[in-house]
2 protein chains.
Amino acid sequence: MEDVAARAGVSRALVSIVFRQVPGASESTRRHVLAAAAELGYQPDRRASRLGRSRTRMLGVVFGLGHDFHAEVVDGIYAAAGDHGYEVVLSGVSPRRTESDAVRAVLAERCEAVVLIGTQLASRDIAELAGRLPTVSVLRQLRVPSVDVVRTDEAAGLEELVDHLHGLGHERIVHLDGGNAPGAAPRRRGYLTAMNRWGLEPASLVGGLTEESGAKAADQILAHTAAHRPTAVAAFNDRCALGLMHALIRRGLHVPEEVSVAGFDDIAAAGYAHVGLTTVRQDPDRLGQLAVDRLRHRLEGGTAPSPTGVVPATLMIRKTTAPPSA
Amino acid sequence: MEDVAARAGVSRALVSIVFRQVPGASESTRRHVLAAAAELGYQPDRRASRLGRSRTRMLGVVFGLGHDFHAEVVDGIYAAAGDHGYEVVLSGVSPRRTESDAVRAVLAERCEAVVLIGTQLASRDIAELAGRLPTVSVLRQLRVPSVDVVRTDEAAGLEELVDHLHGLGHERIVHLDGGNAPGAAPRRRGYLTAMNRWGLEPASLVGGLTEESGAKAADQILAHTAAHRPTAVAAFNDRCALGLMHALIRRGLHVPEEVSVAGFDDIAAAGYAHVGLTTVRQDPDRLGQLAVDRLRHRLEGGTAPSPTGVVPATLMIRKTTAPPSA
DNA sequence: GAAGACTACTAGAGCGCTCCAGTGAGAGCC
DNA sequence: GGCTCTCACTGGAGCGCTCTAGTAGTCTTC
């Protein structure tokens, strides 16, 4: 910076003014400084600039490496954060890097706030974290008062899905339950509500987050005789639905003719032309945006927070659901 | 830090010594300082510590958000970097955040070196980047002299795969080509080499990175009469293979009885029990480790670099390849 | 019992920025 | 012409650490 200043014949402070794009430099000087910087290949050091500044304007994001849907939320966060002059510090969770490790890193970087995507941390730990800096949990519902939650209205989404299946004429509708995965509880609730509303008997099988869990459930579905077999399945998520569907097809069952299959999330693979999975869409973009809004509100106070942290789900009817055959 | 020093009755420098875990403090003082820090909830600020240090020991990692295989490589990098006291700065590429954006961020953070995973950047840009700091390209082969490349021996992998298929008795073996995706060229080369070796006629169809591309190829395969239809397909990667396979099964073709299908990468989904995709395994862990080793060598000079940046591929024979039916 | 070698600790400059208080020069006004 | 205002710019103190040079104090060693 010193060198740039010398070359442009100005003070270091002026160079700073130019690079921060704040008023206080004439247009001609500005160009001069920029030219000098370009010649020297100078680029400001963000770490130093953050040190000198009172606010770091950094948002930590803890997410699961390799989780497609998390990646989509991160994309939304990148966009929303960029719009408001915040930087995003990613901290990935992987088999060898625990969520605690990831949180520790975010803390050490002096982020001003943190968003946890689909966290599996204990409420106690989350509460402690929230005591240190503004925290928002995306995807996972939490009853910790100091933590903002941004999530999809999953219960409503599943209700809508069951309504759709019922509307097609299905009665034996099974739910592949996500256990204690983030989002599993409200989906279960929505399923039960809708089944009750239509006077149908709920039935659940163990599902999960991955294709494998869906494939396992296929065995149990096929164990029934055709007359008792469920005619429709609402899987915990898309990957689970995909795994189920492929296992069923491989065993010779036709989808949707013999069994309707639906997922949740609307990941990219669900929309592929050859798949056409009926599913409940979560809007990752909106989730990311809302998370950033909430944190901004906590940090800046000024702007009104989004009225709610709940994003509506959208039923995406594609090709894997149809009226039952007989 | 000042507060901690005051509370422990020592100088700031001593607190620094304790937290950096370097010699120069007695065991009792060390405990004293740590206790004082704990009471005050003090945690050192990494950004400031890096500023004061000559070396930042930060490795920038540019990767595709939502690319499963990239995520696995990142995990390997986290592990290898941690072992040698380096920190990892993730910079994700997404639809709205270009690779150039990601690289710019890494530069502004003053990372000491950068690893590009499956980069799509123009060689010119990569060369320029490499002129500024040590750069290694993982997955993508590059003929830029200043850039280290760490990749799988993809040509050998595909040769081995074709050998396997030929050994099963296949003759009409088709390759779903990845176009200009990272790794497509060597896979193509390996395919052609092996086909030539066995005197078989090579045939390629357009494949790609996603399930969708595989599903599209299925149409073309099914356009052949059974007598002329390929009996085995080597897809560009696992996702492409999975898409192809599901499309084929859905059309009533049996895998592997009527068509053998194989992929590349060995992503988690390939290994699921209900899938059992025969594939060529890339070792993401090793790739990540090698990338870090190379950068360490460039940065520290001392340690001998790994002899080669090429990781062997491993043929994983599972259930989707079998002798041709006739 | 003085020189030398350790060990435990401290003072203070420095890392590359930001930002506040201030300087000087010119414009506008009566 | 003197006054205030604004604008462009500068000096220098910080931000929270690291790290070198140095100061005591203790332990050897002959």
Side-chain angles (χ1 to χ4, degrees), chain A residues 1-37 40-58 85-87 89 105-112 132-133, chain B residues 1-37 40-58 85-87 89 105-112 132-133:
Chain A
M1 192 173 195
E2 187 91 56
D3 299 345
V4 174
R7 189 177 192 109
V10 297
S11 68
R12 282 169 34 252
L14 226 231
V15 176
S16 171
I17 287 172
V18 170
F19 273 94
R20 274 179 297 143
Q21 314 208 52
V22 295
S26 69
E27 193 45 48
S28 68
T29 317
R30 208 171 276 272
R31 261 198 294 277
H32 224 90
V33 169
L34 256 16
L40 262 42
Y42 166 81
Q43 197 184 11
D45 182 333
R46 281 217 195 136
R47 298 163 310 143
S49 90
R50 279 190 288 250
L51 234 203
R53 218 157 32 187
S54 54
R55 305 233 356 227
T56 66
R57 302 192 75 86
M58 295 195 299
Y86 282 87
E87 276 166 59
V89 175
V106 159
L107 247 27
E109 295 298 328
R110 289 290 189 276
C111 290
E112 294 187 301
R132 304 187 57 156
L133 35 68
Chain B
M1 193 171 195
E2 188 91 57
D3 298 345
V4 173
R7 188 175 192 109
V10 297
S11 67
R12 283 170 31 251
L14 225 232
V15 176
S16 171
I17 286 172
V18 169
F19 273 93
R20 275 179 296 142
Q21 314 207 50
V22 296
S26 70
E27 193 47 46
S28 67
T29 318
R30 208 172 275 272
R31 261 199 293 276
H32 224 91
V33 169
L34 255 16
L40 262 42
Y42 167 80
Q43 196 185 10
D45 182 334
R46 281 222 193 130
R47 306 210 99 92
S49 91
R50 280 191 289 249
L51 234 203
R53 216 156 36 186
S54 54
R55 303 228 4 223
T56 66
R57 302 192 75 86
M58 294 194 299
Y86 282 87
E87 277 167 57
V89 176
V106 159
L107 248 26
E109 293 298 328
R110 289 292 190 275
C111 289
E112 294 187 299
R132 305 186 57 156
L133 36 68

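No experiment lies behind these values; they were computed from the predicted model shown. We name chains A, B, ... by the order of the sequence lines, and we start the count at 1 in each one.
- From A/Tyr86, atom OH reaches atom CZ of A/Arg55 across 4.0 Å, with rounding to the nearest 0.5 Å.
- Using a 4.0 Å cutoff on non-hydrogen atoms, the parts of residues 26-37 of chain B near DNA chain C are B/Ser26, B/Thr29, ordered by number.
- Atom C1' of nucleotide C/dG16 and atom CZ of A/Phe19 are separated by 13 Å, given to the nearest angstrom.
- When all heavy atoms of B/Thr56 and B/Arg50 are compared, the pair lying nearest together is O-CD, 3.4 Å.
- What separates CG of A/Asp45 from P of D/dC15 is a distance of 18 Å, to the nearest Å.
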Do A/Val18 and A/Thr29 pass the side-chain contact (heavy atoms from CB on, under 4.5 Å) test, and can you show the C-alpha distance, the side-chain angles, and the key distance before you say yes or no? CA-CA 9 Å; A/Val18 170; A/Thr29 317; 5.8 Å; no
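- What separates CZ of B/Arg53 from P of D/dC17 is a distance of 12 Å, to the nearest Å.
- Judged by distance alone, with hydrogens and angles left aside, B/Arg12 brings a side-chain donor or acceptor within reach of the base of D/dT18, the pair sitting under 3.5 Å.
- Between A/Ile17 and A/Val33 the shortest side-chain heavy-atom distance does not fall below 4.5 Å.
- Ranking D/dT10, C/dT10, D/dC19 by closeness to the B/Leu14 side chain, first place goes to C/dT10.
- The nearest whole Å value for the distance from the CG atom in A/Leu51 to the P atom in C/dG14 is 17 Å.
- Between B/Ile17 atom CD1 and D/dC19 atom C1' the separation is 9 Å, expressed in whole Å.
- Of all nucleotides listed (C/dT18, C/dT10, D/dT18), C/dT18 comes nearest to the side chain of A/Met1.
- Of the two residues contacting DNA chain D, namely B/Arg46 and A/Val10, the nearest-nucleotide position lying further toward the 5' end is that of A/Val10.
- Residue B/Ser11 places at least one side-chain N or O under 4.0 Å from the OP1 or OP2 atom of C/dT10.
- Residue B/Arg20 has a polar side-chain atom (N or O) positioned under 4.0 Å from OP1 or OP2 of D/dC19.
- Across the protein-nucleic acid pair, A/Glu2 atom CD and D/dT10 atom P stand 12 Å apart, rounded to whole Å.
- With C/dG16, C/dC9, D/dT10 as the choices, the nucleotide that has an atom nearest any side-chain atom of A/Ala13 turns out to be D/dT10.
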Walk me through whether B/Arg53 and B/Arg20 qualify under side-chain contact (heavy atoms from CB on, under 4.5 Å).
CA-CA 11 Å; B/Arg53 216 156 36 186; B/Arg20 275 179 296 142; 5.6 Å; no
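- If you find the closest nucleotide of DNA chain C to A/Gln43 and to B/Gly24, the one lying nearer the 5' end belongs to B/Gly24.
- Within 4.0 Å of A/Pro44, counting heavy atoms only, lie sugar-phosphate atoms of the nucleic acid but no base atom.
- Judged by distance alone, the side chain of B/Glu112 and the main-chain N or O of B/Arg57 form a donor-acceptor pair under 3.5 Å.
- Note that CG of A/Leu14 and CE of A/Met1 are 9.5 Å apart. Values are rounded to the nearest 0.5 Å.
- One finds no salt bridge joining A/Glu109 and A/Arg47 here, because no Lys/Arg side-chain nitrogen approaches an Asp/Glu carboxylate oxygen to under 4.0 Å.
- Regarding A/Arg50, its CZ atom lies at a distance of 18 Å from the C1' atom of C/dC19, rounded to whole Å.
- With D/dC17, C/dG16, D/dC9 as the choices, the nucleotide that has an atom nearest any side-chain atom of A/Ala25 turns out to be D/dC9.
- Look at B/Arg110 and you won't find any side-chain N or O under 4.0 angstrom from OP1 or OP2 of C/dC15.
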